[in-house]
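Working notes, beginning with the structure itself.
Because the structure is predicted, anything quoted here is derived from the model rather than measured.
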Amino acid sequence: MGKEGTLSEGVLKKIILSYTYVAIWIFLSFTVIVYNKYILDRKMYDWPFPISLTMIHMGFCSSLAYILVNVIKLVEPVQMTRDVYLKSVVPIGLLYSLSLWLSNSAYIYLSVSFIQMLKALMPVAVYSIGVLLKKEGFKGDTMTNMLSISFGVAIAAYGEAKFNSWGVMLQLGAVCFEATRLVLIQILLTSKGITFNPITSLYYVAPCCFAFLSIPWILVEFPKLRDTSSFHFDYFTFGLNSLCAFALNLAVFLLVGKTSALTMNVAGVVKDWLLIAFSWSVIKDTVTLINLFGYLIAFLGVAYYNHAKLQALKAKEAEKKAVQVDDESGKLLEDKSAEKSARKNESSD
């Protein structure tokens, strides 16, 4: 009885801890998205400089990641050569900088709710680019599912009250760059046995992003900022915004490390619906029934895709275990036959 009580207490503790990590991640992810919208939107804080905002984030995250890796030594740096860094990390840094630049730019033109609906196209982009780069095999049923997600997003776009074609192009560009980055991480890093956690990822990738973003910043935003004599850097607003962005990366580290990829996907779905509700009720963005119907179709497609991927991973793991059991059984039989032959030799002697 006592043992059962202790076990249930342990399980309860784990469940509470998992829900706490999920709640922290949802809160921080939610906060960063709404905070970025608040800063960039012309009707709110009115600071429409997405490259500058992204550079502030990258500079802040680079500095904190350096302190955590080299001073506090919270995590170990990844061992890699200069050649691997230039050929693998730098291209990923370029794609990440483009993805962040375009996604932050979209907040100027689109509502938070509609951006979340467009982000449902991420599995479609990842799968399509994976097939193009021969990382994924083409499957008819998966492609049908991808088309259903695209169809749902198209309906949501048709029902958007404040549709802006430039904003949609920016967000779709961000999705494409992010999807390419995710596929290239598998090709350039994972295949070489190099894995990053969110802190080491920022440590290596954030400085690259900062360097790449400085080029369009000098050409596009620096002249405008220089001519805006009324602007004074708001240390509290931008400092807190950057701290939230960094804390979100730590929360990802906790959520993935302490729970599972499935938990992350479910938490992402909850966050998206909460953002849509917040966008409609607090920011007063218009969310139509056609919007919601289209997003529901896309959401069901994404949910099915995640379920199928999880089942495939489980099947792979089961196959690996079966192979291991077969190997061990074979070894055991070999040992037994060796023992028998040794005994026969002894008896003949």
Tell me, yes or no, whether the heavy-atom count around [X] atom [atom1], taken from other residues, nucleotides or ligands under 6.0 Å, exceeds 12.
X	atom1	value
Trp273	CH2	yes
Phe293	CZ	no
Tyr304	OH	no
Leu289	CG	no
Gln79	CD	no
Phe27	CZ	no
Phe151	CZ	no
Met143	CE	yes

query: Going by an N to O cut-off under 4.0 Å, is there a salt bridge joining Lys224 and Glu221?
result: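 The answer is no: the pair does not qualify as a salt bridge.
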
Give the minimum heavy-atom separation between [X] and [Y], together with the two atoms involved.
X	Y	value
Ala106	Gly167	CB-O, 4.0 Å
Pro77	Tyr204	CB-OH, 3.5 Å
Ser242	Ile56	OG-CG2, 3.3 Å
Asn145	Ser148	O-OG, 2.6 Å
Ala251	Ile24	CB-CG2, 4.2 Å
Ala179	Ala125	CB-CB, 3.5 Å

Within the 4.5 Å heavy-atom criterion, are [X] and [Y] side-chain neighbours or not?
X	Y	value
Asp46	Leu40	no
Val287	Leu292	yes
Lys271	Ile33	yes
Val168	Leu172	yes
Pro50	Tyr107	no

Flag yes if [X] and [Y] sit in one hydrophobic cluster, no otherwise; membership is Ile, Leu, Val, Met, Phe, Trp, Tyr, and two members link when side-chain heavy atoms are under 4.5 Å apart.
X	Y	result
Tyr127	Leu147	no
Val69	Leu243	yes
Tyr66	Val75	yes
Ile290	Tyr295	no
Phe299	Tyr158	no

Assert yes or no for the condition that the ring centre distance of [X] to [Y] is strictly below 6.0 Å.
X	Y	value
Tyr235	Phe233	yes
Phe177	Trp101	no
Trp47	Phe49	yes

message: For a side-chain contact (heavy atoms from CB on, under 4.5 Å) check, start with the C-alpha distance between Glu178 and Val126, then their side-chain angles and the critical distance, and finish with the verdict.
response: CA-CA 8 Å; Glu178 181 61 11; Val126 170; over 6 Å; no

task: Any chance you could lay out the side-chain contact (heavy atoms from CB on, under 4.5 Å) test for Ile67 and Ile72, step after step, and finish with the verdict?
output: CA-CA 6 Å; Ile67 292 164; Ile72 300 171; 3.9 Å; yes

Please answer whether the main-chain N or O of [Y] pairs with a side-chain N or O of [X] as donor and acceptor at a distance below 3.5 Å.
X	Y	result
Ser281	Ala277	yes
Asn291	Ala156	yes
Ser29	Ile26	no
Ser103	Leu100	yes
Ser97	Leu94	yes
Thr288	Glu160	no
Lys37	Val112	no

message: Using the rule given for side-chain hydrogen bond (donor to acceptor under 3.5 Å, both in side chains), can you reason through Ser113 versus Asp285, listing the C-alpha separation, both sets of side-chain angles and the distance that settles it, and then say yes or no?
response: CA-CA 8 Å; Ser113 56; Asp285 287 330; 4.8 Å; no

- request: Would you check, one step at a time, whether the test side-chain contact (heavy atoms from CB on, under 4.5 Å) holds for Ser214 with Met55?
  value: CA-CA 8 Å; Ser214 64; Met55 282 181 75; 3.8 Å; yes

Once you round to the nearest 0.5 Å, how far does [atom1] of [X] lie from [atom2] of [Y]?
X	Y	atom1	atom2	result
Leu98	Thr54	CG	OG1	10.5 Å
Leu202	Leu250	CG	CG	8.5 Å
Thr200	Met80	OG1	CE	8.0 Å
Ser88	Asp83	OG	CG	8.0 Å
Tyr109	Asp41	OH	CG	11.5 Å
Met122	Cys176	CE	SG	9.0 Å

query: Only one of Val153, Val302, Ile155 forms a side chain to side chain contact (heavy atoms under 4.5 Å, CB included) with Ile297, so which one is it?
result: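 So, applying the side chain to side chain contact (heavy atoms under 4.5 Å, CB included) to Ile297 and each of Val153, Val302, Ile155, only Ile155 qualifies.
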
message: The test is side-chain hydrogen bond (donor to acceptor under 3.5 Å, both in side chains); show your working for Tyr203 and Asn70 and say whether it passes.
response: CA-CA 10 Å; Tyr203 178 74; Asn70 290 322; 3.0 Å; yes

message: Please tell me whether Asn241 and His57 have a donor and an acceptor in their side chains that are separated by less than 3.5 angstrom.
response: yes

message: Please determine whether side-chain contact (heavy atoms from CB on, under 4.5 Å) holds for the pair Ile276 and Trp280, giving the CA-CA distance in whole Å, both sets of side-chain angles, and the decisive distance to 0.1 Å.
response: CA-CA 6 Å; Ile276 290 167; Trp280 170 73; 5.6 Å; no

